[in-house]
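Handing you a structure now.
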Amino acid sequence: MHSVQDDDFVSRVLGIVQTIPPGRVMTYGDVAAALGSRAARAVGQVMARYGSDMPWWRVVRAGGHPPIKYEDRALKHYNTEGTPLVTRTGTTAYRVDYAAVRWFPA
DNA sequence: GTCGTGACAGTAG
DNA sequence: ACTACTGCCACGA
């Protein structure tokens with residue numbers, strides 16, 4: 001029978017994002033890989049359009065950085081959820097402790 | 001069916 | 001650390 005999230009790429013991406021537990025993160029590439037695709041960019045597009053209603057901050061780039069235009073907002077969420085961050089003194093940007101919080105859907 | 005776009009990834013300088 | 005270029009895939013016009 002048909003699962004709800006098998007309809008389109010969009011629904012599947014959203015489904016994956018919602019499975020990411022608090023304090024954990026996944027890269028765009030990993031989300032795409034979880035779908036069996038390499039469309040990391042397409043995942044970003046979906047988030048930009050439909051991510052408004054979901055924990056988009058739990059999806060980060062390969063380097064561990066959140067979306068470039070939303071780093072401020074993401075930081076607030078990380079701080080709230082207790083997501084381990086790695087900061088370098090003298091650098092403006094931070095990154096999540098990717099190795100420690102990396103999550104892959106079961 | 002073609003073109004342009006993008007909350008990306010990886011490599012090179 | 002940074003920017004620049006290329007490759008990749010899905011979507012809208």
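Numbered from 1 within each chain, the chains take letters A, B, ... in sequence-line order. This is a predicted model, so every value here is computed, not measured. Atoms considered below: every heavy atom in the structure, side chains included; atoms not considered: hydrogens, waters and symmetry mates.
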**Prompt:** Mind checking whether A:H77 and A:W57 have parallel, tilted or perpendicular rings, split at 30° and 60°?
**Reply:** parallel

**Asked** Nearest to the side chain of A:R61 - B:dA9, B:dG6, C:dC9?
**Response**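 Per side-chain heavy atoms of A:R61, the pick is B:dA9.
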
**Message:** Categorize A:A42 for me: base, sugar-phosphate, or nothing, with a 4.0 angstrom heavy-atom threshold over every strand shown.
**Reply:** base

**Verify stack between A:Y28 ring and B:dA7 base, 5.5 Å, 30 degrees** = no

**Fill in**
Out of C:dA10, B:dA7, B:dC8, minimum distance to the side chain of A:A48 belongs to B:dA7

**Request:** Could you check if a side-chain atom of A:P67 sits within less than 4.5 angstrom of a side-chain atom of A:R73, using non-hydrogen atoms only?
**Result:** no

**Item:** Side chain of A:Q45 (C-beta onward), nearest among C:dC9, B:dG6, C:dC11
**Value:**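 Closest of the options to the side chain of A:Q45: B:dG6.
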
**Message:** Are A:Y98 and A:V25 packed together at the side-chain level, in the sense that at least one heavy-atom pair is separated by less than 4.5 angstrom?
**Reply:**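 Side-chain contact under 4.5 Å: yes.
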
**Asked** Which listed nucleotide (B:dA7, B:dC8, C:dC11) is nearest to the side chain of A:V10?
**Response** C:dC11

**Item:** Distance, rounded to the nearest Å, where A:Y78 contributes OH and B:dA7 contributes P
**Value:**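 After rounding, the gap between these two atoms is 16 Å.
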
**Request:** Give the rounded distance in Å between these two atoms: CZ of A:R95 and P of C:dA1.
**Result:** 7 Å

**Prompt:** Does the side chain of A:R102 come within less than 4.5 Å of A:D30's, by heavy atoms?
**Reply:**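 In contact.
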
